[in-house]
Undergrad: 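Sharing a structure below in C-alpha cells format, with a few things to ask.
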Amino acid sequence: MTPEASRPASFERLRRLPIVGRALDWGMGGSAVSRRTREAGARIAGLKVTESVCPYCAVGCGQLVYTRDGELVEIEGNPRSPINQGTLCPKGAASRQLVQQPGRLTKVRYRRPGGAEWEELELEQAMDMIAQRVIEARENGWQDRDRRGWRVDRTLGFAHLGGATLDNEENYLIKKLFTALGAIQIENQARI
Amino acid sequence: MSERDATPALGTRGEPASWARAGADVALQRTRWGDAAWSFLFGRDTGYAAAEAQPGEVAEANRRMRSGPLPDPVEGPFVKAPVWTWEVPLYFWFGGVAAGSSFVGLACDAAGDGRSAAVARKVALAAVLPCPPLLIVDLGRPARFLNMLRIFKPRSPMNTGAWALVAFSALGAGAVAADVAGRPRMARAAGAANAAIGGYLGSYTGILLAATAVPVWARSRLFLGPIFVSTATASGAAACRLALVAAGVPAGHPTRTALGNLETGAMLCELGLAQLNQRRLGRAARPLHEGRAGRLFRAAEWMVGAGLALRLVRRPLGPRVHHLASTLYLAGGLAFRYAWIEAGKASARDDEAVALMGRGAVTRGDALRRPGEARRLASAARRPRHNGRVGAAYAETVRRVSLVVERALRP
Amino acid sequence: MPGLGATFGRGGATGFQQDLQHADCILIEGSSMAEAHPVGFRWVMKAKERGAKVIHVDPRFGRTSQLADKYVPIRAGSDIAFLGGLIRHVIETEGYFRDYVVNYTNAPTILREDFQDTEDLGGLFSGFDPETATYDTSTWSYAEGRGGGEGDAQTHTSMAYEERTGAGMDVSGVPRDDTLRHPRCVFQVLRRHFSRYTPETVERICGISREDFLEVADALVANSGRERTTAFCYAVGWTQHTAGVQIIRTAAILQLLLGNVGRPGGGIMALRGHASIQGSTDIPTLFDILPGYLQMPRANEDGQTLADYVEESGRDRGWWAFYETYVVSLLKAWFGDAATKRNDFGFGHLPKLTGNHSHFSTMLRALDGGVEGLFLMGQNPAVGSQHAGLQRRALASLKWLVVRDLNEIESATFWRDSPEVESGELRTQDVQTEVFLMPAASHVEKAGTFTNTQRLLQWRDQALEPPGDARSELWFMHHLAKRVRAHYANSRRRRDWPIRKLTWDYPEVGETGEPDVEAVAKEINGYDVATGEHVPAFTALKSDGSTACGCWIYSGYFKDGVNQARRRDPGDLDAPGGWVSPEWGWAWPVNRRILYNRASADPDGRPWSERKRYVWWDEEAGAWTGYDVPDFPVDKRPDYTAPPDGLAMDAISGDDPFIMMPDGRGWLFAPSGLLDGPLPTHYEPFESPLENLLYPDLHMNPAAVKWQRPENPYNPTGDPRYPVVATSFRLTEHHTAGAMSRNVPWLAELQPEMFAEVDPALAADRGIEDGGWMVIETERGEVEARARVTPRIRPLRLDGRVVHQVALPWHWGYTGDYPGDTTNDLGALSGDPNVNIQESKAFSCNVRAGRRARPATARLSGVRLDQRIGPADDDPPAEYPSEIT
Amino acid sequence: MSAPTEIAIHHVDAGRMGFFTDTTVCIGCKACEVACKQWNDLPADGSQFTRGGSYDHTGELSAATWRHVRFVEIAENGGHLPQLPAGNEVDVDAAVAAMENWVFMSDVCKHCTNAGCLDACPTGALIRTEFDTVVLQPDVCNGCGYCVPACPFGVVDRDPRDGRAAKCTLCYDRLQDGLEPACAKACPTDSIQFGPYEELVRTAERRVSELRRRGIEGAYLYGAGDATGEQLAGGLGAFFLLTEPPERYGLPARAESPVQENVVPATAAAVAAGVLAAAGATAAFALARGRR
C-alpha cells in the first residue's frame, strides 16, 4: 500500500488551522479551470481514420492516420498491429512531419543545362519532356546485338535507381515498363 | 552556428495542439484507458515483475540511494534558472521605496507631522505607479496581466503580492486624492491602511524568492523577508528624506533627522542580516561572491558603505553630503535587488549546490537533517474550496477579457 | 540474401520478429537492433524478460549493447573468424544437435574426391582462376552427383542466385554417411575447414578475449537443442562486406549445427533497413532478376529460347521444378494476348544481360558518358551511395536526370552546392545535366503494399490526396507509359514489339488519373486468362499460358479477389500459437511466418519438445498442422521416402524440411550457389590495416569485385598512413541518407550534426577533444565531423598490436538546415562477388584533429578522367570486362 | 492514500493516473520525445552538438520539449571517465573497463503530489485535474515565470518566443477520451508505462524486487514507494526506476514544493520584520522628536 502522502510540517500545521488554514486552499479549486479545459478532448475524436504502415525501416509498424476533411491531423501507432502494438520509434512518431515537412515539394522544378537556378514546370509539360527524353535516350543507347554479335535487344541509354520505400505495385510497374523498353540498368537500394 | 529556423511545421509556435474534439469517439484505439494496462509487453508470461516486494524493501532501497554523500560528478541541469529580466529587480526596488514611504507616512502621522506624511504618501504613490507597468512588461504575455487578479490564492506569494500591489496603489491614490481634496482624516486612514499593506508589499518579494527551488534563495528563507524589508525601509526613508528636502523642509527638522536615522539604521540592519545569512549559507553562498551577482553585491555594499561613511563625516562637510548618502542608499538598494536576482540565476545553474541541497548538505544547519528523521504530518483529505458560481464566473470573465485584450493588442 | 538462400533455400528472414520472444538466447551481430529497429527490439526485450540471454557483438558499444546481457567488442570485418570459431567449438565439444544435423542437413553427404579446401590451398578453394579471379565450382559438388552452378562470374553476379541454388543440379544417388565419420562427408570437411579457428586465433584476429568467446559459445550451446532455441539477428553490419554473403553463411551453418532453423525462437532474423526493401527484391528493380527471383535472360551465342532458359535456370527436384510455369505466367502478365506458345510467349524480346549492370557499373558508365538519362525515385546516391563523390561526378555527366522525392535532396542539387562545385572542379554553368525534380507522394497519400523484414506484405490505405503536383510513382510510371506507348503505337520495328504489346490497361481513378492500384495488384497476384478470376496461389499457375502472374511468390496475396495483405486481425495473442497472428497481413510464401517449419518437428513428425511445439504431423487427419502454414506439402507423410528417380516435389522425402533445395536439406556445405566458396573463410576486409593471419598470401576475398580506376583508388593493405579501422553505422534518430529525417525538424534536432565516435586513447594521441572537430581521411576524400570521444568505442589488442576503430554515422549531406559531411565520400567502390554489395562496414582510414582544409572530395579533383569513352553511335560499350579483376 | 486536496476538476470515475518510467528497459530511442512533440504540436527548438552529451543534444526539458531522454556514460566506481594516455601502448583493459554503465532516462514532468509550480502560479493557469495530474492551461497563463524557479525538478520553462510557460500535461486531452498519453503509447519497449497510479506503484515495487533478486542491487524507485515523510514532493505522479544515484540523472535526492516548504517560515520572518520595521520607524521618529 502506498504510504500516506505528507507535506512540509509548517505548511501542514498552518493548513490545519480553522479559517486561515482553509484560506491556503483558496484559488486551487474549480474556479481556476477555464472553459477550454473543461471541454478538452482528444483532437482525433470523431475523425476519419485510415490504417497505414510506417515508411521508414523494415519492421513494418502499423500506423493510424487521422484526417479531417482530407487534411492530415495525426499519425500514431496502430494498437491492433501484432508487430508494434501501437508503439513507434522516433522516426515513425515523426512521420506526420515527414508528410507535412517544411520543404515539401509540390511543384515540378526544372534545371536547364548549365542553369544556375530552378525553374517551375507544369506537371503535364514535365511529363511530356521526360517521355521525349526517354524515347531519345532509348534510341541512342539501343543495341540489337553486342560486340560479339549476340542478340541483346536492349538499351543502355537510360538507367533507374529506386529507393526501397516504393510500394511493391510501383516497383512492378517500373520493372515492367522499363524492361519492355529494353532498359536493363534498373537498380535499387537493396544493393546499396 | 547561426540560429536555425525553428518555425514549427504545424500549428502555432508555443500554442499547444488543439484540445478540441471533433466528434464523439476515437476510432481504432483502445479507448476508456484500455491502453492503461501497465504493459502489453511484459505480461504475466515474463519475469518482468515476478518477485513480490517485501515490506519496506523498496523504501529501504530508495533510502539507500538517496542518502549518503553526493556522487561525483553530478549530471545537471537540475533546476531552471529564473527567467526574470531587469524589470523585476527594478520593480522590487520601486515597491520597496513605496512600502518604505508608507511606513514613513504612518510614522509621520503618528508623530504629528501631517505635512511630511502627505509628502511621504505622494512619494509612496509615485513609487508605486511604475510598479504595475514594470510587472506587466516582465510578463511573457503582457496583454494578459489581468489574469493576475483572476483568482485569490493565498499560498502563492506572487498572487497575494499582485493583490497587495493593487490595494496599495488604490489606497495610495485614494490617500493622495484625499490629501489634495483636503480630507486629512481620510488620507491618514488610507495611509495607515497602506502602511499595513506596505509591510507586505515590501517583504513579499523576499517571500516570493524564498519559495523557490533556487538554493541561495530557498536557503535564505528566514532572511530574505527581513532583508527586503530593511532595504525597503531604508530606501523609502531615503526617498522621503530627499523628497522632504526638495519640498523645502529645513535641515534639522525632526522628521529629516528621524528619516536620516531610519535609513541608516535600516541599512545597517540589512548589511548585518546579509552578512549573517552569507555565513550560514555555506556552499550555497557562492553566487553571492562570484560572477555578476558577486560584483553587484560588492557594488551595493560599497555604495551603502560610502553612504554610511558620508553620514559619519556629515558634520564637517555639511548636510548636502547627507543627500548624497541618501542617494547612495537608494542606488545601493537597487543594486542589492539586482544582485539577489542575479545570484538566484547563478545559483540555479550551480548544479552541485542544487544537488547538495537535495542531499540536505548545502547549508551548515542542513547537515544535521537527514531525510526520514523529521516525521511529517499526514495531510487530512479535504476537498478544495470552490469559490462558487460567482468566483468561477469572475475567473472566466477575467480570462476572456484577457484574451480579448491580447487579441486587440496583437499586431 | 544468398547467404541464407544458399543454405536454406530462400533468401528471406527465416522467422518473424514477434517470434523472437520465444528465443532462449539471442545473438545480435552485424546490427545495432535497438538503434536501427527499435520496435523490432521490443521482442528481444520481451525474450530477455522471459529469461533469454541477449548477446551483442559489435565494434561499437551502442544502445543495443547497453541492453544486452553480454557485450562483446569485435574488430569490424572479422566476423567470420568469430563465427567460425564458434562452429569449431560446437563441433569439437559435440555441442551440436545431432539428430537435427544428421537428418536435416547435408552433413552426412559425401563430397567429390577432388575438392580441395582453403586449408590445402592457402586460402583458396579448388577451381580458382587467378586470371579472372573467379571460381570454377564444379569440384565443389557432391560425390557421384552432377554439379550445378557452372558458368562464368557474369551469369552469377546476381542476387537472383539466392533463389536458384542448385540450378541444374542432380543429387540422385549421392552417397551419405549418417555416422558422420567418412573423411569426405560434409561434416568432416567442415570440421577440418574450421580446425584452426581456435579461441586463441579468434582473439588474435577479432580482439575477442578467450573468456568472452567461451561465454558466448557456452550460451549458444546451452540454449540450443530439443528444449531450447537460439535466434540470430543481423543487418547490414554483416552484408556490407566483400565477404558479406559468407558472413551470413557462417551464421547459417552455425544455426543448422545447433538445430535452430525452422523452429520457434530460432532462425536467422535478417533485419532490413527500408520499409519495402524485401519487396524491392521480391518484385525487383534490380538488373539481374525478374519478379519472383526469376533470372534475367543472358545473351547467348545461339540466341536463347524459352526452353533453353528454363533448362539452364530451373531444376528437376524441389520447388524450382516449376520454373517454366512462373516465367510463362509472367510473360502472359506482361504481353497478354500477344504472348503465345508459338512466339515463346515473347521471351525472345526481353532485353538480355551480358555483364554487370549493377548500380556501380552503371554509374561508372555514366561517368564515362555512356548513360544519357537516370531516374532516381526516392534515392539519393549523392549522399547514400558508396564513393558519393564519384556518384556526384557521374550525375554531372548525365544528359538528363529525373529525381522524384519529397524534398530537394542532394542528388537534385549537386550542380549547385556539392563539394565538387565548392572546390571548383565542377562549375555550375558547365554542368550540362538537365534536372527534373518531381514532387512525390508520401506513404499516406497512396495505397499499396510494403513487404517488411519478415516477408510480410501489409497494405496501406490511402488517407489523403498528395499536395499540389505531387504524385505517386504508380501515377508517374502509368502516365509515362501512356506517352511512350503512344509514341510507339504504330511502330513496326522488332525492338518496339514489347512496348507495343505490353498490357497496360489499368483503369484510372480520381481527378488526377491515378491508376487503380488494385488492378496492378491483381496482375501481380495472377489471374486466369480466360475468366479473369484471381488465382488462389502459385500452385494454380499453369505453364501453358492459361494463367498470368506478375510475381509468382506473391501469388495469393489477392486470393479470391480479397486483399489478403489488408487483413487486420491480430487474433488472440495469448492463445496457444497466438503470437503467429496469421490473419494479420500476408507473408510470402503462402502466408508462412516461419520458413522450413517442418524442421520444428522431429523426423517422425512429432515436435522436438512440447516447449518448442510449432508444426507437427497429425496422424488422424493425415496432415501437417500447427500454428503456422506448414512449409511442406501438407499431406506428405513424414515416413514418405522419395524414389531415386523422383522429380519435382516427389523427390523430397517426408523428413526433408528444406523443400527449396534439391536434396531437401539445409546446406552446411554449399556445392553451388556461391561464387566465393562452398564454405566461409576468414578474409580480411578489402581495406584493412592488418594482414590476414590465416592466409598471409591472400589477404582478402579473392573473388571480390574491384573497380580499378584512377577515380576509385584503394587504400593499400597495411598502409601505415591508414592505421585506423572505420565502420559506419545508423542512428535511431535518422534514416539512411537523411532525406527522410534531416528535413524533419523533430528528428534533426535530436542528432543535429555529423560526428564520429573515437576512443579516448586515440583521441588523446591525436589531440582530438570531445565536441571538437576531427577529420577522417581515405584515398577518396576527407570528411570532418564532431568528435564524440567515448569509452564506448574501444581499442582492441590484436596479435600484440593495438588497433583503434572509429564509428561514423552516415546520415548527413550538404543541403538543408542540418548539413554535415557525408561518410560515403570516404568509401570506395567494391563488391561482394555474389551480390555486388560494397564494403562500407570496415575500411581503413586515418583521423586527425581539426577541420578539413578543402572540400571533402577535392583530393580526387586532380585525377584525369582519361578513360572517358563517349558513346559511339553504332557500337555502344556493352560491358566492362576489364573492370572485374 | 489521501487525495491531494487541490483537485480542481471532479469526476466520479477518475482516479490518479501516472507514469512509471523504467530505465532498465529503456533503449534510448527518443520515441517519447518525438511522440510528445507530435501530439502536442511542439516545435523543434533546435539544438547543437553538445560536448560531453553522449547522444543527448536537446539537453533538458523545456517549453517545447516535454519529454527528454538523458544519456549518461558512467565511469567505473562512479568517478570521471579517465583520460587515457596517448600512444599505442595503451592499457586496453583499462579503456574497456573505464565505462561501467550507460544510462538512458526519459525525463518528464513529475506531476508531484505537492507541486511547486501549482502552488506558485498566481493566475490559476496551473491546476490539478481529476487524474491528479498538474496541467498548465495555456489560455490562462500570462507568462509571469514564477513557476519556473518554483519547480524543484527544473521541468517548467517559459518559451522565450511565445512568452508562456509550458510543460507536460500527461496528455490531459487524450485522457479525456480514454487514450494513453502519446509518449507511453509510442514507447517501443514499454519503458514508459501508464496506468492507474496504485497499480503502477505495485508493479514498480515488484519490478524493483525482481531486479534486486537478479543482482541489480542499485535498483530503486525515484518518487514512489517511500516511507511517509521521505517522499519526494509528497510522492511523484510520474516516477522512475533508476539504478544510479539520482544526481546522475539530474534529479535531486530530496525535493519538496518550495512554496509549501518555505512560504510559512519566510512569511513569518517577513511579517516579524515588517512589524519591527514599523516599530523602528516609530522609534526613530520618537527619538528624533525627543532629541529635539
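Residue numbers start from 1 in every chain, and the chains themselves are labelled A, B, ... in the order their sequence lines are given, proteins ahead of strands.
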Undergrad: Which residues pass the side-chain hydrogen bond (donor to acceptor under 3.5 Å, both in side chains) test with A/Q132, not counting sequence neighbours?
TA: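 A/E136.
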Undergrad: Select, from C/P291, C/A521, C/G373, the one with the greatest count of heavy-atom pairs under 4.5 Å involving chain A.
TA: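 Looking at each of C/P291, C/A521, C/G373 in turn, C/G373 comes out on top.
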Undergrad: Between C/P38, C/A463, C/G378, C/G571, which shows the greatest number of heavy-atom pairs under 4.5 Å with chain A?
TA: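 Ranked by heavy-atom pairs under 4.5 Å with chain A, first place is C/A463.
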Undergrad: Against chain A, label C/L573 side chain, backbone, both or neither, depending on which of its atoms sit under 4.5 Å from a heavy atom there.
TA: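 The side chain, not the backbone.
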Undergrad: So, C/T354 versus A/R154: side-chain donor-acceptor pair below 3.5 Å or not?
TA: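 A donor-acceptor contact under 3.5 Å links the two side chains.
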Undergrad: Please round to the nearest 0.5 Å and tell me the distance separating atom CG of C/L464 and atom NZ of A/K48.
TA: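 Going from the CG atom of C/L464 to the NZ atom of A/K48 covers 8.0 Å.
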Undergrad: C/F476 versus chain A, heavy atoms under 4.5 Å apart: side chain, backbone, both or neither?
TA: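 Interface part for C/F476: both.
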Undergrad: Closest approach of A/P55 and C/A275, non-hydrogen atoms and distance?
TA: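 Reported closest heavy-atom pair: O-CB, 3.5 Å.
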Undergrad: For a 4.5 angstrom cut-off between non-hydrogen side-chain atoms, does C/D288 reach A/I184?
TA: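 No, every pair of side-chain atoms sits at 4.5 Å or beyond.
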Undergrad: If I take atom OG from residue C/S741 and atom CG from residue A/L98, how far apart are they, to the nearest 0.5 angstrom?
TA: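 One gets 9.5 Å once the value is rounded to the nearest 0.5 Å.
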Undergrad: In residues 163-171 of chain A, which residues are in contact with chain C at a heavy-atom separation under 4.5 Å?
TA: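 The stretch touches chain C at A/G163, A/A164, A/T165, A/L166, A/D167, A/N168, A/E169, A/E170, A/N171.
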Undergrad: Give the minimum heavy-atom separation between A/S52 and C/R460, together with the two atoms involved.
TA: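 The pair with the smallest heavy-atom distance is OG-CD, 3.4 Å.
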Undergrad: Please classify the contact of A/L88 with chain C as side chain, backbone, both or neither, using a heavy-atom distance under 4.5 Å.
TA: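 Backbone only.
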Undergrad: Would you please say whether a donor-acceptor pair under 3.5 Å links the side chains of C/N407 and A/Q101?
TA: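 A pair is found: one side chain offers a donor N or O, the other an acceptor, under 3.5 Å apart.
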Undergrad: Checking side chain to side chain contact (heavy atoms under 4.5 Å, CB included) between A/Y172 and each of C/I283, C/D282, C/L474, C/T285, which is the one that passes?
TA: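 Output: one option passes, namely C/I283.
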Undergrad: I would like to know whether A/L181 and C/V484 meet side-chain contact (heavy atoms from CB on, under 4.5 Å); could you show each step before the answer?
TA: CA-CA 9 Å; A/L181 284 171; C/V484 175; 3.5 Å; yes
Undergrad: Judged by atom type as modelled, is there a donor-acceptor pair below 3.5 Å linking the side chain of A/K91 to the main-chain atoms of C/T732?
TA: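 Yes, the answer is positive, given that a donor and an acceptor are paired below the 3.5 Å cut-off.
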Undergrad: If I measure from the heavy atoms of chain A, does C/L480 come under 4.5 Å with its side chain, its backbone, both, or neither?
TA: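 Answer is both: backbone and side chain atoms of C/L480 are under 4.5 Å from chain A.
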Undergrad: Using a distance-only test with no angle check, is there a side-chain donor-acceptor pair under 3.5 angstrom linking C/T503 and A/K176?
TA: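 The answer is yes; a qualifying pair exists.
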Undergrad: Between the main-chain N or O of A/V59 and the side-chain N or O of C/Q17, is there a donor-acceptor pair closer than 3.5 Å?
TA: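 Yes, C/Q17 side chain to A/V59 backbone: donor-acceptor pair under 3.5 Å.
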Undergrad: Report the C-alpha distance between A/R138 and C/Y488 in whole Å, list the side-chain angles of each, state the deciding distance to 0.1 Å, and finish with yes or no for side-chain contact (heavy atoms from CB on, under 4.5 Å).
TA: CA-CA 12 Å; A/R138 175 177 186 259; C/Y488 288 115; 3.1 Å; yes
Undergrad: Take C/V371 and A/L156 through the test side-chain contact (heavy atoms from CB on, under 4.5 Å) and record every step on the way to the result.
TA: CA-CA 6 Å; C/V371 179; A/L156 296 175; 6.0 Å; no
Undergrad: Going through the checks in order, is the salt bridge (charged side-chain N to carboxylate O under 4.0 Å, His left out) test met by C/E445 and A/R104?
TA: CA-CA 13 Å; C/E445 292 156 356; A/R104 179 91 193 261; 2.7 Å; yes
Undergrad: So what's closer than 4.5 Å to chain A heavy atoms on C/I499: side chain, backbone, both or neither?
TA: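 Contact with chain A is through both the backbone and side chain of C/I499.
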Undergrad: Measure A/C89 against the heavy atoms of chain C and call it side chain, backbone, both or neither at under 4.5 Å.
TA: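 Its backbone and side chain both get close to chain C.
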Undergrad: If we define contacts as heavy-atom pairs under 4.5 Å, which of C/A481, C/P439, C/G468 has the most with chain A?
TA: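 That would be C/P439.
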Undergrad: For A/Y110, which residues count as a ring-ring contact (aromatic ring centres under 6.0 Å, His included) partner, sequence neighbours excluded?
TA: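 Only C/F436 meet the ring-ring contact (aromatic ring centres under 6.0 Å, His included) criterion with A/Y110.
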Undergrad: Nearest 0.5 angstrom please: C/R471 CZ to A/M127 CE, how far?
TA: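 One gets 10.0 Å once the value is rounded to the nearest 0.5 Å.
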Undergrad: Looking at C/A470, C/A412, C/G279, C/G273, which makes the most heavy-atom pairs under 4.5 Å with chain A?
TA: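 The answer is C/G273.
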Undergrad: Count the heavy-atom pairs under 4.5 Å between each of C/E301, C/H37, C/Q18 and chain A, then report the option with the highest count.
TA: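 Top count of heavy-atom pairs under 4.5 Å with chain A: C/E301.
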Undergrad: Is chain A contacted by the side chain of C/R494, its backbone, both, or neither, given a heavy-atom distance below 4.5 Å?
TA: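 Looking at C/R494, just its side chain touches chain A.
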Undergrad: Got a donor-acceptor contact below 3.5 angstrom from the C/Q458 side chain to the A/G60 backbone?
TA: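 Yes, the answer is positive, given that a donor and an acceptor are paired below the 3.5 Å cut-off.
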Undergrad: Looking just at side-chain N and O atoms, do C/Q304 and A/R151 make a donor-acceptor pair shorter than 3.5 Å?
TA: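 Result is no, nothing qualifies.
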Undergrad: Which bit of A/D128 is near chain C, if near means a heavy-atom gap under 4.5 Å: side chain, backbone, both or neither?
TA: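 Both parts, backbone and side chain.
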Undergrad: If you count heavy-atom pairs under 4.5 Å between each of C/G348, C/A486, C/G550 and chain A, which one has the most?
TA: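 Heavy-atom pairs under 4.5 Å are most numerous for C/G550.
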Undergrad: Check whether C/L457 gets within reach of chain A through its side chain, its backbone, both or neither, counting any heavy atom under 4.5 Å.
TA: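 When you check distances to chain A, only side chain atoms of C/L457 fall under 4.5 Å.
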Undergrad: Taking all non-hydrogen atoms of both residues, which atom of A/Y56 and which atom of C/M740 are closest, and how far apart?
TA: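 Distance-wise, the nearest heavy atoms are OH-O, 2.7 Å.
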Undergrad: State, without any angle test, whether A/E51 and C/W459 hold a side-chain donor-acceptor pair at a distance under 3.5 Å.
TA: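 Absent: no donor and acceptor within the cut-off.
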Undergrad: When you check the gap from the basic side-chain N to the acidic O, do C/E408 and A/K107 get nearer than 4.0 Å?
TA: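 No, no charged N to carboxylate O under 4.0 Å.
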Undergrad: Heavy-atom distances under 4.5 Å only: say whether C/T449 touches chain A with side chain, backbone, both or neither.
TA: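 Both parts, backbone and side chain.
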Undergrad: Side chain from CB out, backbone as N, CA, C, O: work out which of these in C/K399 comes under 4.5 Å of a heavy atom of chain A, or both, or neither.
TA: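 For C/K399, side-chain heavy atoms alone lie under 4.5 Å from chain A.
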Undergrad: Mark yes or no for whether A/N188, through its side chain, and C/S280, through its backbone, hold a donor-acceptor pair below 3.5 Å.
TA: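 A pair under 3.5 Å: yes.
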Undergrad: With only heavy atoms counted, which part of C/R42 is less than 4.5 Å from chain A, the side chain, the backbone, both or neither?
TA: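 The answer is the side chain of C/R42.
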Undergrad: Would the number of heavy atoms belonging to other residues, nucleotides or ligands and lying under 6.0 Å from CZ of A/R35 be above 12?
TA: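 No - once you tally the heavy atoms of other residues, nucleotides and ligands closer than 6.0 Å, there are 12 at most.
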Undergrad: Identify the heavy atoms of C/L747 and A/P90 that sit nearest to each other, and give their distance.
TA: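 Heavy atoms only, the tightest pair is CD2-O, 3.5 Å.
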Undergrad: Non-hydrogen atoms of chain C under 4.5 Å away: do they reach the side chain of A/T50, the backbone, both or neither?
TA: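 Interface part for A/T50: side chain.
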Undergrad: May I ask you to check whether C/H443 and A/Q63 show a side-chain donor-acceptor distance below 3.5 Å?
TA: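 Result is yes, a qualifying pair exists.
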Undergrad: Given a strict heavy-atom distance threshold of 4.5 Å, which part of A/T155 is in contact with chain C: side chain, backbone, both, or neither?
TA: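 The answer is neither part of A/T155.
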Undergrad: Closest approach of C/R483 and A/A131, non-hydrogen atoms and distance?
TA: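 Closest approach of C/R483 to A/A131: CB-CB, 3.6 Å.
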Undergrad: Got a donor-acceptor contact below 3.5 angstrom from the A/R112 side chain to the C/E434 backbone?
TA: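 Side chain of A/R112 to backbone of C/E434, a donor-acceptor pair under 3.5 Å: no, none is there.
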Undergrad: Not counting sequence neighbours, which residues clear ring-ring contact (aromatic ring centres under 6.0 Å, His included) with C/W400? List them please.
TA: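 C/W400: ring-ring contact (aromatic ring centres under 6.0 Å, His included) contacts with C/F375.
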Undergrad: If you take all heavy atoms of C/V444 and A/V99, which pair is closest and at what distance?
TA: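 Heavy atoms only, the tightest pair is CG2-CG2, 3.7 Å.
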Undergrad: Got more than 12 heavy atoms from elsewhere within 6.0 Å of CD, A/Q125?
TA: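 Correct, the count exceeds 12.
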Undergrad: Let me confirm one number: the NE2-NE2 distance from C/H359 to A/H160, rounded to the nearest 0.5 Å.
TA: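 Result: 12.0 Å between the selected atoms.
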Undergrad: Any donor and acceptor pair, going by atom type alone, linking the side chain of C/W415 with main-chain N or O of A/G115 inside 3.5 Å?
TA: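 Not a single qualifying donor-acceptor pair exists.
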Undergrad: Strictly below 4.0 Å, N to O, side chains only: are C/R495 and A/D153 in salt-bridge contact?
TA: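 Result for this pair is no, no salt bridge flagged.
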